[in-house]
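In what follows, a single structure is set out as structure tokens and then discussed.
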Amino acid sequence: MNIAPELIHIAVALAAIAAFIGLNGLVLVWLERKVAGHIQRRPGPYEVGPWGLLQPVADAVKLVGKQLVRPKVADPWLYWSAPLLSFTPVFLLFLTIPFGPRLIGMEFNLGLLLILAFSGLNVLALCLAGWSSANKYSLLGAARAVAQSIAYEIPLLLAVLAIAFQFGTLNLSTIVHHQGPMPWQWNVMTQPLAFIIYFICAVAETNRAPFDLPEAESELTAGFHTEYSGMAFGLFFLAEYAYIIVISCVATVLFLGGWHGPGAPGFWWFLLKVYALIMVIIWLRWTYPRVRFDQLLNINWKWLLPLALVNLLLTLIFVKM
Amino acid sequence: MLHYAQEQLQGDYYTRAFQAGAQEDTLILNMGPQHPSTHGVLRIILELHGEYILRAEPVLGYVHRMQEKMGEVKTYPQYLPNMGRVDYLHALAWNWAYVLAVEELLQLEVPERAEYIRVITCELNRITSHLLWWGAYLLDLGAFTPIMYGFADRERAMDLLQIITGSRLTYCYYSFGGVTADLTPQFIDGTKEFCKYLRTRLPMYKDLVTDNMILRHRVDDIGIIPVDMARRYGVTGPNLRGSGVEHDLRRNTPYSIYDRFDFEIPAYEECDALARYLVRMDEMEESLSIIEQAIDSLPEGPVTPPKMPKVIKPPKGEAYGAVEGARGVIGIHVISDGTATPYRIKLRSPSFSNLSLFAEVSEGILLADAVSILGSLDLVIPEIDR
Amino acid sequence: MIKKTPKQSTLQGIKSLFVGLRVTGHNFVMPQITTHYPRQEVDNLVTYRGHIELVPKEDDPMTSKCILCGQCAKACPSNCIELVIRKEEVEPPPAAEAQPDADKEEAPPKPAPKKKVKRILEAFILDYNLCSLCGQCVQTCPVDSLEFSTNSYLAGFTREEFVFELLERMRKKYKASSSG
Ligand code: SF4
Ligand code: SF4
């Protein structure tokens, strides 16, 4: 009967994570639109609820209420499984993230590995969605998604490895414990290059502008999710935002000291940092044009990958010294 | 259950004709007529190898409205409102080309003040057109914010034009021998203010967009249109000037009173999308300076000719009016047979020529570059189809 | 003047990325410039040029200035103006004063002295569905009997709602303004 409390813990954690994703997804949608609005000197949503806070709820209701349409020639099994496949792994990702000193779904020695492994599943979902839609634009979008995700996963991994080498662990809580409360005690100070590489790759991994090529609407209408409607589209949408949260969480854990902060440490510091990162990501999106596909791959193979390797080597030398 | 004939499944006439020439292992893609980056109902059939374009063929005619035929059944003044609808972005230039042609037929003198007013409003309209192009082009390249800034500024110019023309987009403001309404002090003050305001905004545009590294990589060396290719297709306007030819009707064959103003004709020799982009950005500044000069030297006087014939019935003959629009040379050829309706009206739309070269430029480029090139040509689809 | 496009070094390029962020960041904290429509209204509606209206005579607001020449209907490119004219036999010495008839609300224009048939404007019908707001009618009217309204909030559910009887509108407007 040792195992039961563990199981209950995980079950509760999963439920909490579901609530967390749902809530944060809504907040993020609202935040994104609000920030976009203000950057463009508009109010953003402001009709539904105070400051338009209920707008994402209204959007969600609209999405749920819409008819799910499948192209006649699309493969039903693959077509419908893609959005689910895109969304479900997100749960597992949050499980190992330490939000606070004790606030963690599952203490797991290979937490970092788990996150990297399961976030890779998303590309499979995008690939399936694009392939099974039987739409040429979707297909092109899927091809882009695969090439992009796979390419950017490598420097991302290398950047993260540098941190793992530095502390000799893949356990996220341990990594946080190694960092202090003050900003100069965070890893971003010792590993600035890794942080920059990680951040760029993370933006690319989540298909956010300026790297939103798989869904570049001026080229591919909507890319891999061109044919999806209603909540099937909604799941892709939610998954995208969930991944943004995940990468921001991981960045916070690895580079920004996790729940540590001046004064009282706790999950509020964690959330603050996560949202600061998300704001930057949103800010980027509403500032830059989109890069071109070959340029995107060039940035990766010609700049990020060598830089990440150099960074890793330097880390190794320092660790061994 | 819907049932399709086999050939219906293979697309319409254009797709099938296009498909016949396709190689094996290529993808035929219909871009448009409903596509976010064709801005209107332009349709382009592409043969893709991966993301590289092997062949492209524009298909036109989705907003064909028989503008030329309409000219043959309406009286001369009745055709005026059509001019605002050919190119909805630079409507006043079309207005102008038409009244220019008819004025030549009628041997009408245009009063000084009306000429100045035409210059001011037409240049203001050119700025609104370029601002919209700027925003829409950046939207094509994936930046969402510039179009909002562009629109905010454009809105001010349109408010000004609304004061005197009463409309915001499809102006019908020029009349034979003059303009329909005089400038108001509100307009004059507002325009002076607008010129100052836009001059503070253009550096911001430069910081945000023109100098942006990502944008540079999207437009630099993309879509090279050499001068001889431009000549072959009859390209005019900013696109030609982007190919290093200093050709502008306002300078080369000055109509109206353009010879009185001091302005530059910006041209860049690189022939790429960046050159065309910069030409338009510079042109906005030149237009501002023209407007300022015109307002400063605005003479008093009537805005319509003293003696107007009651019924517009030009004598037998033909006339050609050509002006420099935001997209190039707008030419209108009117043939009169002595009655109250024109015998024939031919509209030369610059976008049509500018689009024609797309098939040649787009060979072997990436799909994303095709979007960039299409945007840099600044096409207005209703103008192409007429 | 043929210029060369300015080139950019990588370093300048990277700097430009931050400059771009500064521009959007600056705009983020600037006040909004939109007009929150139902609560606020744009201030330039007075210069809006809506559908045409008949202009009443200065001395008699129930009759229009129109002299029934039909020029506007002829000039309109979209054929949206229709004049309904009633002819009436008049006594040889034409009455100098029009009798304001409460029921019929006649609008007798000044007829030529010799004619015995008086033409009366029964209705001035504008089919706004077809109107392109070009202004040809206003320009051609010899007595300035037409003007543009500034009514920008025009909405309706059927096409029929946009077929206006301008004479009636003019009178209603006068009545509303004189009673209110
Ligand atoms: S504005 Fe033009 S279209 Fe409308 S009624 Fe007058 S002439 Fe006809
Ligand atoms: S042109 Fe003027 S006067 Fe003549 S019918 Fe029309 S409104 Fe009446």
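Lettering of chains follows the sequences in order, A, B, ..., and the numbering in each one begins at 1.
Contact annotation for Arg285(A): both backbone and side-chain heavy atoms come within less than 4.5 Å of a heavy atom of chain B. Proximity to chain A (any heavy atom under 4.5 Å) is restricted, for Leu48(B), to the side chain, taken from C-beta onward. At a 4.5 Å heavy-atom cutoff, the contact between Gln40(A) and chain B is made by backbone and side-chain atoms alike. Only the side chain of Ile222(B) comes within contact range of chain A, judged by heavy atoms closer than 4.5 Å.
Applying the 6.0 Å contact sphere to OH of Tyr241(A) captures more than 12 heavy atoms from other residues, nucleotides or ligands. Counting non-hydrogen atoms of other residues, nucleotides and ligands closer than 6.0 Å to NE2 of His38(A) gives a total above 12.
Chosen from Leu367(B), Ile147(B), Leu215(B), Leu366(B), the residue pairing most often with chain A at heavy-atom distances under 4.5 Å is Leu366(B). Note: Leu27(B) leads Leu208(B), Leu138(B), Leu27(B) in heavy-atom pairs under 4.5 Å with chain A.
Shortest non-hydrogen contact noted between Tyr228(A) and Ala82(A) is OH-CB, 3.6 Å.
The closest side-chain donor-acceptor pair between Tyr52(B) and Asp369(B), if any, does not fall under 3.5 angstrom.
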### Query
Can Arg144(A) and Glu51(B) be said to form a salt bridge (Lys or Arg N to Asp or Glu O under 4.0 Å), step by step?
CA-CA 10 Å; Arg144(A) 283 181 174 194; Glu51(B) 287 217 16; 2.4 Å; yes

